[in-house]
Amino acid sequence: MAEALLRVERVAKHFGGVVAVDAVSLEVAAGEIHALIGPNGAGKTTLVHLLSGALAPDAGRVLFAGADVTARALHERVGLGLARSYQVTSLFRGFTALDNMALAVQARSGSSLRFWTPVASERALFDEARAVLGEIGLAGRERVHAGQLAHGEQRALEVGLALATRPKLLLLDEPMAGMGPDESERLIALVDGLRARVGVLLIEHDMDAVFRLADRISVLVNGRVIATGGPEEIRANAEVKRAYLGEEQPA
Amino acid sequence: MRRTALALAAALPLAFAAQAADKVKVGFISTLSGPNAAIGVDIRDGFNLAVKLAGGKLGGLPAEVIVADDQLNPDVAKQNADRMVKRDRVDFVTGTVFSNVVLAIAPQVIESKTFFIGPNAGPAQYTGAQCNPYFFSSSWPSEAYSEAAGQYVTQRGFKSVVFLAPNYQGGKDAANGFKRYFKGKLAEEMYTKLGQLDYAAELAQIRAAKPDALYVFLPGGMGVNFIKQFVASGMSKDIQLVVPLWGSDQDIIRAVGDPMLGLFSLGHWTIDLDNAANRKFVAEFEKAYKRLPTGYAASGYDTGLLLDAAIRKVKGKIEDKEALRAAIKSADFKSVRGDFKFGANQFPVQNYYLQAITKNADGRIVHKTVGTVLTARGDAYVQDCKMK
Amino acid sequence: MRRWLPFAVLAAAAAFPLVARPLGWDFYIGFASRIMIYALAASSLNLVLGYGGMVSFGHAAFVGAGAYTVAVLMAEGVASAWVAWPLAVALAGALAAAIGAVCLRTRGVYFIMITLAFAQMIYYIAVGMRAYGGEEGLNLPTRSQLGFGLDLKDDVTFYYLVLAILAAALYALRRTVGARFGRVIEAIRENETRMDAIGFPTYRYKLVCFALGGALAGLAGALLANQNSYVNPNLLYWTQSGTLMIMVILGGVGYLYGGVLGAVALLVLEEVVSGYTIHWQLGVGAVMLAIVLFAPRGLAGLAQGRRDG
Amino acid sequence: MSGILLLEQSLNGLQFGLMLFLLAAGLTLVFGIMDMINLAHGSLYMVGAFLAATFVDLTGSFWLAVALALAGTALVGMALEVSVLRRLYARDHLSQVLATFALILVANETVRIVWGPQLPLAAPPALAGPVEIVPGLQYSSYRLVIIAVGLAVAAALYFAIARTRVGMLVRAGASNREMAVAMGVNIKRLFTIVFGCAAALCAVAGAMLGPILAVQVGMGENILILAFVVIVIGGIGSIRGALVGALLVGVVDTMGRAFLPHLLRQFLRADLAGALGPALASILIYVLMAAILFWKPQGLFPARG
């Protein structure tokens, strides 16, 4: 395997006396889809916060594309190509779907300290925004306010916003939460289409999706990675079965 | 936006009334709300009494007095002055209590060639180089009361004195005046925020300084609170408190009561001054308002008398500003304070009395004239005034 | 707002002195200038509060900084508007940048209070400047000198200058909120976390917005000093910040003309009601309360809502 | 600097701080539990003082009047909560600011119409004079009583919040509103009760400070800002924070006014020091607040984790 795109070295985080993430080490290679699974409260979302820069770890390092980004802010990591989506949908609800997307495009296309030229006249922004909207299946919904989209569409836009920043690595925090089967299927196809282009760290409860998509899987239990390996390996891992899969067999 | 434009349009004609040539308009801007409202109310009542006794006229012309509350806020005062000068086109502006308000509005009033008559504060600036034909003070130059206090404290032989005033122009004028006549040692010179109400911290400092006497220059509500708190602190037995008349006047006596007894004050007027004008004023004031007049009321009343006399002298031709000015300056009336004339800077030249606060025959707390501290005193800056 | 309405209002405002002067309504020309200056100040706050979502309770400090710059320079003999006004804008902007840099570390109510704290500090500094009037304030011997044969002492000339500046400022604001920068600050107000997560350094943009608002407020302050020919610390007191905030909320938070509507409504309401009763604050308070309860989006929202529905 | 001076200034700071605490305690609860910015809090302080002055006039007893004012203000507060403020809980802070600012105007004018601009209110005659607390220090007995009342109310409040059922709900509500809802509390009634208590605390402060300061229209506004400073320093929603913040503000403000001019005189010319002293002393508490927020953006005792 090539040099890892994302390399997590023994990062830890505790809140008060509660250890949320306990010396987790992890690697995601470029173009790889790496799933992170584990029971509720295992520390998955906290780990995403640590990797994306929303929270600072108490210990350990995060390396991205060869550079130590542990001290870098959220927005700086996005600039380097490390983007995330949220488990709880976080959009610009008062903006249209197209404007949502255009904002994400704007973030990486030159300075936004421009005070005079109307955004509306910047065609390049909107062309690209439309393209991403098409990619996530929201073509034709451009003029709808994000707050008024259907739940599944909002989830797609949630992923789309991260995608529009043109990341090298996507951190997807339960992208399929609350989706119907058709919508899930579309999203699975979308993520599948990213393979080889974009690295993905996928957190998901839908085990069907995980085992279909993941190149490798890490299992997080009580803040610790107890196993990492290919899907078959994980399926066969006794410790994983005991700690996690035993209660929740994949469909 | 259209609706507000309509509201504006509706407001305009209402406000803009036709100008009558045969009456005199007085713009009365005063502090009529807040802790110092009593001062403005007394000046207003005194002034109105003079107008009322003259049959609602000033110098024979029907008088219209437009009253506005400055809320002790110079910005509000400024807008009121603007309205009175530009819209109502008043002939005189008076009523002001505090020197910061005077300093805010006087330039504009003067510039429009409207006479400004200060019935209370007369900032030192206007006594000297900045003196102006349109600026009169019918009260006293800002530093005079404190000069008298300095003189009295020196005469009494107090060696160590604490001075306390608000941190504003009037307070600084007071310090200048006091130091000009006080020959001893100023143990402590303290300034507080204008409008401060709790003097606990200052009282502790005074206790530590152990002075013989304390000269306190705090008008209105500030004075009320200070004296109450001073008495409660137990220092009144050891330290002689000296105040200006208006730091101890009826408004303060009403609020503080018996602890006022034994204080000494300095003033240009006392309720017991023995002249016909004053006897009439005190009697009429009490009859009209059911309370004893203060120095503020006396000043307001005198302002009314002054205008009445001046307008009568020019036979109602108030458009002739030069003649009117000369008539005001001659001060051809019987002032309640006795002898009264204007100096070259149009500020009063008058006596300042030492007053003791005592109970009178019917048991009321009043000021009693004890002696004259300064005689025919003008001010220190009159020679800087180049006006003729 | 319909497209032509701003132009109609502008035309009416331009025509006003032509009617008012012959009728001798000089007072109302000055009053209208005053309203427009407050409209400018409120609009500058609207940029920060309405578009940027930063509830600043210390905006009067920047208005005051601008006003004091003009007054102090004049006291020192510099009367040129070309020197004093840009300096007022620059100083107020720099002050806002410095204060904002600290305040923007906090959120929500803490931000409201820390901006208030800084404004109060500036207020007491103004009180402490005895050389420049201290508590008393400072009279301006004249209005700023503009050159070109224009005399700002003339109320009509001053009126037109204020009108031109307000119109230009509103136009610039319109461009700004429609440009990239405006998009960014509006989006930050909508969802700051997400802006961070798609790669915007939100702190920096908020700071720029805060400083811009401060600079514009400084311009309003420079005009206000000229309008009153007088400055005093009261300009910086927290109630002034409150009044500006009330104007913005009253007019409509985040509507381009919200600040203007609020300034007009509040000042006209005060002027009219105070003409009828000394208890005018009761009437003004009741109207404000009614607006909060029944027109939550302010006057601009009310006007727009009616057309939409 | 003598020990007596220091003692006296400390007492002054304590007295001021405790009165601020009474205002801040109610404000921080209303803020913490209902997430409501109530600028009209100072108006309740004013109403309390006016009611006290009126009842002294009617009953002739200062302490009876304070008790009546307390009850009356609590009723006024609850009426206000039920009629207006309740509608604002769900609204954003800006609407609350505008509405409660409007309430200040309405309250000021209503009081002015009912009572006039000010009322006399004197301390009970027995407390008008000084007592000697240490040799050489005569201290106003009334101020001592204020300190005692302040301490007693603070203790009672602590007990009420730490030990009673309502107190437990209040604590739960301040740290997490959803939790209070989940516990099945009748939130509406709880809010009304809390608001009534906050109003009563205002009345105690207003009635006790009335004789020292002045009972007048607009008395609530300036002290309101100080109360806000206190709760922000202390951490919104935290009673303990309010107490610490209030004492900090009281002592810093008093000490600043007392000693800063002297301190400056060591370094500066007398006239310059005299000019700068009061200005710097007035800034001191704001510097304190800015500094605290700089290091602890949630205040000293954040109620929400």
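Predicted, not measured: the structure shown is a model, and the values here were computed from it. Below, chain A is the first sequence line, B the second, and so on; all start at residue 1.
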Reported CG-to-CZ distance for the pair A:L91 and C:R194, which is rounded to 0.5 angstrom: 6.5 Å

Answer key: most heavy-atom pairs under 4.5 Å with chain A among C:R174, C:R189, C:M195 is C:M195

Given heavy-atom pairs under 4.5 angstrom as the criterion, report whether the side chain, backbone, both or neither of A:R93 touches chain C. both

With a 4.5 Å cut-off on heavy-atom pairs, point out which of A:L80, A:L161, A:V119 contacts chain C the most. A:V119

Answer yes or no: is there a side-chain heavy-atom contact under 4.5 Å between A:F92 and C:I198? yes

Given heavy-atom pairs under 4.5 angstrom as the criterion, report whether the side chain, backbone, both or neither of A:A73 touches chain C. neither

Can you tell me how far the CZ atom of A:R84 sits from the CG atom of C:D196, to the nearest 0.5 Å? 10.5 Å

Measure the shortest side-chain to side-chain distance between A:H75 and C:T202 over non-hydrogen atoms and say whether it is less than 4.5 angstrom. no

Closest heavy-atom pair, A:S90 versus C:N191, reported as atoms and distance to 0.1 Å, is OG-ND2, 2.8 Å

Which residues in residues 103-112 of chain A have any heavy atom closer than 4.5 Å to a heavy atom of chain C? A:L103, A:A104, A:Q106, A:A107, A:S109, A:G110, A:S111, A:S112

From CZ (C:F200) to OG1 (A:T165), nearest 0.5 Å: 11.0 Å

Counting only non-hydrogen atoms closer than 4.5 Å, does A:L125 touch chain C with its backbone (N, CA, C, O), its side chain (CB onward), both, or neither? side chain

Do side-chain atoms of C:E190 reach the backbone of A:G94 as a donor and acceptor pair under 3.5 angstrom? yes

Is it the side chain or the backbone of A:E76 that comes within 4.5 Å of chain C heavy atoms, both, or neither? neither

Which class fits the ring pair A:F115 and C:F181: parallel under 30°, tilted 30 to 60°, perpendicular over 60°? tilted

CH2/C:W82: more than 12 non-hydrogen atoms of other groups inside 6.0 Å: no

Should we say atom CZ of C:R204 is surrounded by more than 12 heavy atoms from elsewhere, each under 6.0 Å from it? no

Considering only heavy atoms from C-beta outward, does the side chain of C:R183 approach that of A:R114 to under 4.5 Å? no

More than 12 heavy atoms from other groups under 6.0 Å of CZ on A:F15: yes

Would you mind listing every salt bridge (Lys or Arg N to Asp or Glu O under 4.0 Å) that reaches into residues 91-112 of chain C, with sequence neighbours excluded? C:R107-C:E192

